[in-house]
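Just below is one structure, and these are the notes that go with it.
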Amino acid sequence: MCGVIGIVGCSTVNQSIYDALTVLQHRGQDAAGIVTIDNQNRFRLRKANGLVKDVFQEHHMQRLQGNLGIGHIRYPTAGSSSPSEAQPFYVNSPYGIALAHNGNLTNTDELRKKVFELARRHINTNSDSEVLLNIFANELDKFHTYPLTADNIFIAIHNVHNIIKGAYACVAMIIGHGLVAFRDPYGIRPLVIGKRELEDQKIEYMVASESVALDILDFEFMRDVKPGEAIYITQDGQLYSKQCSNNPKYYPCIFEYVYFARPDSLMNGVSVYQSRIQMGKKLGAKIAREWKDVNIDVVIPIPETSCDAALEIARILNKPYRQGFVKNRYIGRTFIMPGQSARKISVRRKLNANRIEFEGKNVLLVDDSIVRGTTSKEILEMVRSVGAKKVYLASAAPEIRHPNVYGIDMAVASELIAYNRTVDEIAKDIGADKLIFQDLSDLINSITEQNSNIHHLECSVFDGKYVTEGIDDSYLSLLEQKRRETKKTLVSKSKESENLEIYNEEQ
């Protein structure tokens, strides 16, 4: 899961893109990048591993001149954290194109081969985003007129939709033209558009992964970019849009509402905050119905995505709601850290249990979801260490039993705590006295009740049903094999790094 930003402004946009990326930092903490087009029609690029505040120093910002720019924050979905895979990516032909991408393509290997054999384009990284950029560039290269028209660009994106598979929300810039944004035909990954009217009646436009990025810059939310739709905004501010898919459908990612998105975002016409309130109401009703004989003294959320749901659960159960964990605000989200060992180590650095809220009590902990179980197990051990008598756990999402192929780091089923396990077995594994999960139908209704136009959600991690073509057992097996090979490489590099540090210390 990543975050993307694109702005067509009337003055320098570097600070605005920086500010927008900071509020999307929750979507990825591995790398950040900004590219602008200056008044001499040259790309100005800065990207590197790290948080937004660390990647961009004052001298970098001074170089990022121009009224048109895109930005990206990265969360690696395949274990790779190489600086070379930080986005945006750039190609010099045709015209000069830069692109940033949120999502994951599912036919990358086939595309990489095709783009070399048919277009003689070299892909220099393992990133599917670089493949996507070169596919888009090749389609634009088929037009021999200058400048490109809006229809030329929309035809190219229509062809891209027919070539690539998977989930993608993209922002791109074309030298001498302007900003382009497009979304996959299922609308799996989110993308919104907004505008800001200036005193001289000029209009600036912005596209972003979440509406909260518009809010902090005082852009007016216009709407979601539709599944399959493309937006083209010229460098002088003319906006064009067109549906570029033959058969678009709404299948937004359900996990955006469970975990990834900020609660103050509006996504696909649905308030993320309100959806989490509804998750709590429905899960609270299930607990009241199925755990009538369970003695609960207090309801405590595992911060902070689950706080809204936990508050509703406490209200329904008529139990005290308490903030039992103190969070270190300077530690990143453990679920989206690039390695399992790093994820485990950071749990204790991230949270500390307030003994007074746990000692001698039967505690109901509420979490947004349980993925690998590592974090849950560490937290439950911590809670018992400060004197909790009984520890119950409720998950606002159902059991995650299937891999994700659309940009969430759940690529291998065997790494998931719920894979081939019953609820009782999961509870025993993580050390819970009792465990309950949200029903999938209730989770879906928590979201779709706010927007009657959404009839489906992308729920593959829960039900194993993949909305795009080609996701079968052989594909998933190949994905798992690649994941294991990548993991071995990362472990090997980590050991080499450790040995080098020891050698340097000894010297």
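Residue numbers count from 1 along this sequence.
Other residues, nucleotides and ligands place no more than 12 heavy atoms under 6.0 Å from the CG atom of D473. No more than 12 heavy atoms of other residues, nucleotides or ligands lie within 6.0 Å of CD in E469, so this atom counts as exposed by the packing criterion. More than 12 non-hydrogen atoms from other residues, nucleotides or ligands lie less than 6.0 angstrom from NZ of K142.
Pairs of residues two or more places apart, or lying in two chains, never qualify as ring-ring contact (aromatic ring centres under 6.0 Å, His included) while including a residue from residues 100-124. Counting only residues at least two apart or in different chains, ring-ring contact (aromatic ring centres under 6.0 Å, His included) contacts with residues 127-150 comprise Y95-Y146, F136-F182, Y146-H177. Every pair passing side chain to side chain donor-acceptor pair (under 3.5 Å) that includes a residue from residues 233-243 is listed here, sequence neighbours excluded: T234-D236.
With contacts defined as side-chain heavy-atom distances shorter than 4.5 Å, the pair L443/P398 qualifies. Looking only at side-chain heavy atoms (C-beta outward), I153 and I174 come within less than 4.5 Å of each other. Looking at L476 and Y466, their side chains come closer than 4.5 Å, going by heavy atoms from C-beta outward. Contact of the C170 side chain with the V4 side chain is not registered, since no non-hydrogen atoms from C-beta on lie closer than 4.5 Å. Proximity of I7 to Y205: side-chain heavy atoms (C-beta onward) are nowhere separated by under 4.5 Å. In this structure the side chain of L217 never reaches within 4.5 angstrom of the side chain of Q15, judged on heavy atoms. Proximity of I188 to P252: side-chain heavy atoms (C-beta onward) are nowhere separated by under 4.5 Å. Residues L68 and V13 are not in side-chain contact: their nearest non-hydrogen atoms beyond the backbone lie 4.5 Å or more apart.
Shown here for I70 and I17, the closest heavy-atom pair between the two residues is N-CD1, 3.7 Å. Listed here is the closest heavy atom pair of I5 and A208: CD1-CB, 3.7 Å. Minimum heavy-atom separation, A261 to V272: CB-CG2, 3.8 Å. Closest heavy-atom contact between N102 and C2: OD1-N, 2.9 Å. Residues P403 and S460 share a closest heavy-atom pair of O-OG, 4.4 Å. L105 approaches Y475 most closely through the heavy-atom pair O-OH, 4.5 Å.
By the 6.0 Å and 45° rule, K47 stacks over the aromatic ring of F89.
At least one donor-acceptor pair under 3.5 Å links the side chain of Y75 to the backbone N or O of D409. Under the 3.5 Å distance criterion, the side-chain polar atoms of N404 are matched with a main-chain donor or acceptor of G407. Between the side chain of N107 and the backbone N or O of K165 there is at least one donor-acceptor pair closer than 3.5 Å. Judged purely by atom type and a 3.5 angstrom limit, Q29 has no side-chain atom pairing as donor or acceptor with the backbone of H26. Using a distance-only test at 3.5 Å, with no hydrogens or angles considered, no donor-acceptor pair links the side chain of D224 to the main chain of V192. Judged by distance alone, the side chain of N14 and the main-chain N or O of M61 form a donor-acceptor pair under 3.5 Å.
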**Request:** Go through the steps for I123 and R112 under the test side chain to side chain contact (heavy atoms under 4.5 Å, CB included), then give the verdict.
**Result:** CA-CA 7 Å; I123 308 301; R112 183 177 282 108; 3.9 Å; yes
**Request:** Check step by step if salt bridge (charged side-chain N to carboxylate O under 4.0 Å, His left out) holds for K195 and E204.
**Result:** CA-CA 6 Å; K195 66 179 180 179; E204 298 178 315; over 6 Å; no
**Request:** Apply side-chain hydrogen bond (donor to acceptor under 3.5 Å, both in side chains) to N420 and R401, showing your working.
**Result:** CA-CA 8 Å; N420 279 344; R401 301 187 185 277; over 6 Å; no
**Message:** Determine whether M267 and V270 satisfy the following criterion, side chain to side chain contact (heavy atoms under 4.5 Å, CB included), listing intermediate values before the conclusion.
**Reply:** CA-CA 5 Å; M267 193 174 286; V270 175; 5.7 Å; no
**Request:** Kindly determine whether I164 and L111 satisfy side chain to side chain contact (heavy atoms under 4.5 Å, CB included), including the steps that lead there.
**Result:** CA-CA 7 Å; I164 68 177; L111 294 175; 3.6 Å; yes
**Request:** Would you check, one step at a time, whether the test side chain to side chain contact (heavy atoms under 4.5 Å, CB included) holds for V180 with M173?
**Result:** CA-CA 6 Å; V180 179; M173 294 188 299; over 6 Å; no
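Using a 4.0 Å cut-off between charged nitrogen and carboxylate oxygen, R262 and D215 do not count as a salt-bridge pair. The pair E229-R223 counts as a salt bridge, with a side-chain nitrogen and a carboxylate oxygen less than 4.0 angstrom apart. Using a 4.0 Å cut-off between charged nitrogen and carboxylate oxygen, R189 and E256 count as a salt-bridge pair. By the 4.0 Å N-to-carboxylate-O rule, R196 lies too far from E220 to be salt-bridged with it.
In this structure, the salt bridge (Lys or Arg N to Asp or Glu O under 4.0 Å) partners of E210, at least two apart in sequence or on a different chain, are R27. In terms of the side-chain hydrogen bond (donor to acceptor under 3.5 Å, both in side chains) criterion, D463 has no residue partners (sequence neighbours excluded). Contacts of L266 classified as side-chain contact (heavy atoms from CB on, under 4.5 Å), with partners at least two apart in sequence or in another chain: S211, F221, S271. Partners of Y90 by ring pair (Phe, Tyr, Trp, His ring centres under 6.0 Å), not counting sequence neighbours, listed by chain and number: F43. Annotation: side-chain hydrogen bond (donor to acceptor under 3.5 Å, both in side chains) contacts of T468 (sequence neighbours excluded): Y406. In terms of the salt bridge (Lys or Arg N to Asp or Glu O under 4.0 Å) criterion, R63 has no residue partners (sequence neighbours excluded). Listed by chain and number, the residues in a side-chain hydrogen bond (donor to acceptor under 3.5 Å, both in side chains) with N152 are T149 (sequence neighbours excluded). For the side-chain hydrogen bond (donor to acceptor under 3.5 Å, both in side chains) test, residues two or more places apart in sequence or in another chain that qualify with D472 are S474. With sequence neighbours left out, Y186 forms a ring pair (Phe, Tyr, Trp, His ring centres under 6.0 Å) with Y251.
Side-chain contact of D38 with Q65: a donor-acceptor pair under 3.5 Å is absent, judged by distance alone. Side-chain atoms of S129 and Q87 form a donor-acceptor pair, as typed in the model, at a separation below 3.5 Å. Of the N and O atoms on the side chains of S82 and S84, at least one donor lies less than 3.5 Å from an acceptor on the other residue. No side-chain N or O of D368 forms a donor-acceptor pair with one of Y257 less than 3.5 Å apart. A side-chain N or O of E130 and one of T125 form a donor-acceptor pair less than 3.5 Å apart. Side-chain contact, H161 with D184: no donor N or O sits under 3.5 Å from an acceptor N or O.
Here CG of N67 is found 6.0 Å from OG of S11. Values are rounded to the nearest 0.5 Å. The CG atom of L24 sits 11.5 Å away from atom CG of D19, with the distance rounded to the nearest 0.5 Å.
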